[in-house]
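All values below were derived from every heavy atom in this structure, side-chain atoms included, with hydrogens, water molecules and symmetry-related copies excluded.
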Amino acid sequence: MGQFSDWMIVGAFTFGVGITGSLTGQVSVGLLGSTTGAIIGASVASKLQDDKQRNTLIELDKLRELVATQEELTKLKQQEVILKTRVEALRKEEAALAAVRGQYQEKRAELQQVDQKLTPLKQQQQELENRILVINQKSPNLSHLEQLIGQIEQFKIEKSGLEGQIYALSSQVESLESQKINLQKVELELPIKKSDLDSLTAQVQELQNQSQQLEQRAVELELLRITYDGIFNQKESFEERVNQLRPEIDRLEAEKQRILQAIQENQNEYHKIEEWRQKLHELKIAIRDKKSELRELEREIEHLQGIKAALAENNAKLQQEKEELQEEIRRLKGEITELENSAKLALQSLREKLWTELPNNKLQLEEKEFITGFINSIKSQGLTFSERVINAFHTSLKVQDISALVILAGISGTGKSELPQRYSHYIGAQLLTLAVQPRWDSPQDLQGFYNYVEKKFKPTDLMRGLYQYNKDSAMEDRIVIVLLDEMNLARVEYYFSEFLSKLESRRNHATYLEIDVGSLRINENERRLQIPNAFLFVGTMNEDETTQTLSDKVLDRANVLTFGKPQNLKLRQENQITSSNNQPSEYLPYTHFQRWITVPDPNSEVVKKVKYFLNEANEVMEKIGHPFAHRVYQAITQYVVNYPGVDNIDAPAFKFALADQFGQKLLPKLRGVMVDESQQELDELEKIISDIDDKPLITAFQKARKGRYGQFSWQGLVYEDKQA
C-alpha cells in the first residue's frame, strides 16, 4: 500500500507540474510538461496494476490465514466450554460426596442407637424364654399362663417389629457401606481428579491466553481486511480514472508529437529561454539569500536592541545600587567614625601614661656578678635580707614559666614588699603595685571592668600595663614586675585562679586577656592583650587572723618564701644608708635575663640526685595520703638547676635549693595531718630531710611535728639570719 501511494503521488505531482506550466503562459515548456506527465502517468498506471494484483494475492492469503485462525479459535472456545462443564460436574460430585458422607455419619449414629436399644430387648427375650422353660417344667397356672402367653405374643409382635426395623436398618447399613466404599473410591480418585482439575485449569488459562492472542490477531486481520477493502475500492476508482483519462492520454500523445516537432524547429530559441530561465532561477535564489540575510540582520538588530534596553535597565539599576551603596558607605563611615570615637573614648583610660623616664642603657653582666651587685646594693641601703632569701627570690623569678608566682609570706614589717621593689629598681624594671582589697571576689577586680553608664573601661594598673606594653615599642624587651600587695586579704582563688592558669600556659603558647567592653565593637588587636613572658608576678602575704590561707592549686603553681621574725631588731639608722630614690639609668633586658635560665638535663648528676630524693619522699607521702605528680617534680627540678651556684651535688647551694623546695612545695601539703597516726611515716620523712642536711629545714620540720592539737603545722622555712 505504501509503494502504491508513493507512485500515485509522483504521477499526480508530475501531472500537476504540466498543468501549472501551461497556465503560466510558457506554452512550449508547459506542453512538454503535460505530455511528459501523461507518459509517466501511463507507465505509473501500468505499474500500479501489477502491484495491485500482487497485493491482492497477499491479502487473500492473509484472509485465509485469518479464517483458519478464527476456526481454531472457535474450536478452542468449544474445548474451553467442555472443560468448564467437566470442572463444574466434578465440583458437583465433590459436593454430593460431602453430602453423602454427612448422611453416612448420621446413619451410623442411628445404627448405634438401634444397637443400644436392641441389646436390652434381646436380654428380655432370653429372660422370657427362660421363664417359659421354667413354666413348662412346673404345673402351670392357667390364668397366669394366659397372661404370660399374652405377654409373649405382645413381645413377639414387638420382636417382629424390631426385627423388621433391624432388617430395614441392616439394608440401610449395607447401602451405606456400599456408599462408603464408593465414597472411599471417590476419595482415592479425588486427588487424581484435583490434579486433572488443576491441569485442566492450567490448560483453560493457556487457552484463554491463546484466545486473547487470537482475538488480538483477529482484530489485526480485521483491520487488514478493512484496509484491503479500502485499497480495493481505491483500485477500482483509479481504474475508472485511468479509463476516463485514456482519451486525454491519446490526445496528449498527439500533442506531444506536435510539441516535439515544434521543439526541433525552435531549438535555439528554447536554449536561450533555458539560459534566461537559469539566470532567473539564480537571481531568485540570490534574492531569497539576500532576503534571508536581511531577516537575519533584522533579528540581530532586534536582539541587539533588546540587549541595549536590558543594558540600559541594568545600568539604571546599577546606578541606583551605586547611589544606595554610596549612601551605605557614608552611613558606615559615620558608624565607623562613631565606633572609633566611642572605642577610643572607652579605652582612653588604658592609654594614660603609666611609665615615664625609662632607662635607655642596657645592662650586660653575668648572673654571679648581678647577684653580688644586688647584695651590695641592699646593704648600702641599710636593708637586712638573708642571702638565701635573695637567691630564692631571684631563682623563683627565673622559673616563672612553671611556677608562675612568687609569694613572700610572713609577719608584717619584715620587708616583704621592700625586696621586689629594690630588685626591680636595681635591674631597671617597671614595677606595678596592686593593693588587694578584701572585697575582691572576681577576675574583674584584678583586671578592670566596663562601665555601661559612662561607656568607658575602668582598668587596673595591671591592665593598663599590659595594654601599653603591647602597644608601646619603647617597652620591648623590658622586664615588668607585678606586685600583688597583701594578696590574701581576699580569697586568692576567687580573683587570681583564672589569671594564674593563663600565666602557667605561657610556657606552651601565647596567652591573651580579653578586654570586656560589653557590646562595643572594637578591633581584635585592641580587644585582645597578650600576657608577655617578661611580666613577672610577686605577691606578699601577712600571716595573721585577717588573712586567708592558700589552696593546693595555688601552692603547686607558686614558690612561697617565708619571712620569720628577725633575730636582732635594728633601726635603719644603725646601718649606713645611701639614697635609692634616683631613677636607674640602665635596665636588664628580658632576653639577657633568659640567658641565665638553665634547662634541666635528665642525664646530669644534679637531676638524678633530685629525682632520688623526690622518689623517696613521694613513697612516704603516698603512705600519708598526700602524694605528688609530674608538675611538682618538674618545678622542683627546674628550681634546683637554676639556683645560683648549683654546679654539682656537693655544692652547698644544692642542699639549699633542694631544702627550699621541700619547704615550699612538699611539706605544706602535710598541714593538718595527725602526727600520732602518721608517726612512722613522719620518721621516715625526717630521715630523708636529715640526709639533705639543711639546718633550717630540719628545725622547721621538727617544729611542725609539735603543732597544736596533735596536727602537723607547717609554718614555713625560716632561714638563719646570715645577712646579705
Side-chain angles (χ1 to χ4, degrees), residues 332-356 358 400-401 404-405 429-437 439-485 487 490-539 554 557 590:
L332 291 174
K333 283 182 177 179
E335 289 184 2
I336 291 170
T337 303
E338 183 180 353
L339 286 173
E340 287 177 349
N341 292 335
S342 60
K344 186 175 181 180
L345 180 63
L347 303 181
Q348 183 177 359
S349 55
L350 286 170
R351 300 186 183 91
E352 295 175 359
K353 260 310 190 186
L354 188 62
W355 296 301
T356 58
L358 297 174
Q400 283 215 351
D401 62 329
L405 179 64
Q430 308 307 307
L431 180 67
L432 289 178
T433 302
L434 302 177
V436 177
Q437 302 298 321
R439 59 176 176 76
W440 283 18
D441 58 3
S442 72
Q444 287 184 338
D445 295 315
L446 181 67
Q447 301 169 22
F449 65 95
Y450 180 68
N451 189 316
Y452 286 86
V453 177
E454 299 180 8
K455 294 185 178 181
K456 291 182 180 181
F457 184 72
K458 302 291 186 179
T460 61
D461 283 350
L462 172 61
M463 191 61 74
R464 287 173 61 198
L466 288 171
Y467 183 87
Q468 294 180 30
Y469 194 96
N470 279 273
K471 304 299 180 184
D472 190 354
S473 59
M475 291 300 298
E476 185 178 359
D477 203 25
R478 294 180 184 269
I479 298 174
V480 177
I481 294 179
V482 180
L483 177 60
L484 300 173
D485 198 19
M487 64 180 302
R491 294 287 296 184
V492 178
E493 291 79 9
Y494 291 167
Y495 69 89
F496 198 66
S497 179
E498 179 183 347
F499 192 82
L500 185 60
S501 298
K502 289 182 179 293
L503 292 181
E504 186 183 16
S505 65
R506 286 188 301 179
R507 65 186 302 189
N508 300 318
H509 54 77
T511 307
Y512 296 87
L513 281 180
E514 294 281 344
I515 301 176
D516 180 15
V517 289
S519 60
L520 184 64
R521 290 179 291 179
I522 62 174
N523 294 331
E524 189 73 13
N525 60 346
E526 290 285 331
R527 181 187 292 272
R528 300 179 74 225
L529 299 179
Q530 183 179 356
I531 304 176
N533 292 333
F535 270 60
L536 307 178
F537 289 81
V538 181
V554 177
R557 291 162 176 79
Y590 181 68

(Q) Applying side chain to side chain contact (heavy atoms under 4.5 Å, CB included) to R528 and N470, what does each step give before you reach the verdict? (A) CA-CA 10 Å; R528 300 179 74 225; N470 279 273; over 6 Å; no
**Q.** Step-by-step side chain to side chain contact (heavy atoms under 4.5 Å, CB included) determination, R351 to K471
**A.** CA-CA 9 Å; R351 300 186 183 91; K471 304 299 180 184; over 6 Å; no
Q: Run the numbers on Q447 and D516 for side chain to side chain contact (heavy atoms under 4.5 Å, CB included), then give the verdict.
A: CA-CA 10 Å; Q447 301 169 22; D516 180 15; over 6 Å; no
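Q468 places a side-chain N or O within donor-acceptor distance of the main-chain N or O of L354, the cut-off being under 3.5 Å.
Summarising the geometry, atom OH belonging to Y590 is positioned 9.5 Å from atom CG belonging to D477; distances are rounded to the nearest 0.5 Å. Going from atom CG of L434 over to atom CG of L483 covers 8.0 Å, rounded to the nearest 0.5 Å.
Side chains of L432 and R464 form no contact here, defined as non-hydrogen atoms less than 4.5 Å apart. By the 4.5 Å heavy-atom criterion applied to side chains, L466 and Y512 are not counted as neighbours. Taking 4.5 Å as the limit, every side-chain heavy atom of V436 sits out of range of all side-chain heavy atoms of F496.
Screening residues 439-453 for salt bridge (charged side-chain N to carboxylate O under 4.0 Å, His left out), with sequence neighbours left out, gives R439-D445.
Atom CD of E476 has 12 or fewer neighbouring heavy atoms from other residues, nucleotides or ligands inside a 6.0 Å radius.
Under the side chain to side chain contact (heavy atoms under 4.5 Å, CB included) test applied with M487, the options V554, L446, L405 reduce to a single match, L405.
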